[in-house]
Amino acid sequence: MPPLHGPLGTASVPPSDLLLLLPLPVLVWGADELWRAWRREYLAPAARGAGSP
């Protein structure tokens, strides 16, 4: 809120800084997919084999 910039000693974020935020959702999604793939690869086989006779 621009009227509070003065009393709070803040400033607006420049558009160039906002552009840096654009790839972040893709990076977070990719990291989550890698984590899920790792869990499927290494944790699921152990869980499946634990109940077999």
Side-chain angles (χ1 to χ4, degrees):
M1 295 179 48
L4 296 176
H5 287 307
L8 297 177
T10 60
S12 297
V13 178
S16 60
D17 288 349
L18 292 176
L19 286 175
L20 294 173
L21 298 176
L22 287 176
L24 290 180
V26 175
L27 291 173
V28 170
W29 171 75
D32 183 53
E33 288 299 321
L34 288 172
W35 172 251
R36 290 174 188 224
W38 179 83
R39 286 182 50 192
R40 278 192 302 270
E41 183 71 25
Y42 294 104
L43 298 181
R48 276 182 269 159
S52 61

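What you see below is based on every heavy atom in this structure, not just the backbone, and it leaves out hydrogens, waters and symmetry mates.
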Look at the side-chain heavy atoms of Ile, Leu, Val, Met, Phe, Trp and Tyr, link any pair under 4.5 Å apart, and say whether Val28 and Leu21 land in one connected group. no
Who passes side chain to side chain donor-acceptor pair (under 3.5 Å) against Ser16, sequence neighbours left out? none
Identify, with sequence neighbours excluded, every residue that meets side chain to side chain donor-acceptor pair (under 3.5 Å) alongside Asp32. Arg36
Single-linkage hydrophobic cluster, 4.5 Å side-chain cutoff, Leu27 and Leu34 together: no
In Å, rounded to the nearest 0.5 Å, how long is the span from OG of Ser12 to CG of Asp17? 11.5 Å
Enumerate the ring-ring contact (aromatic ring centres under 6.0 Å, His included) contacts for residues 18-37, please, sequence neighbours excluded, ordered by first and then second residue. Trp35-Trp38
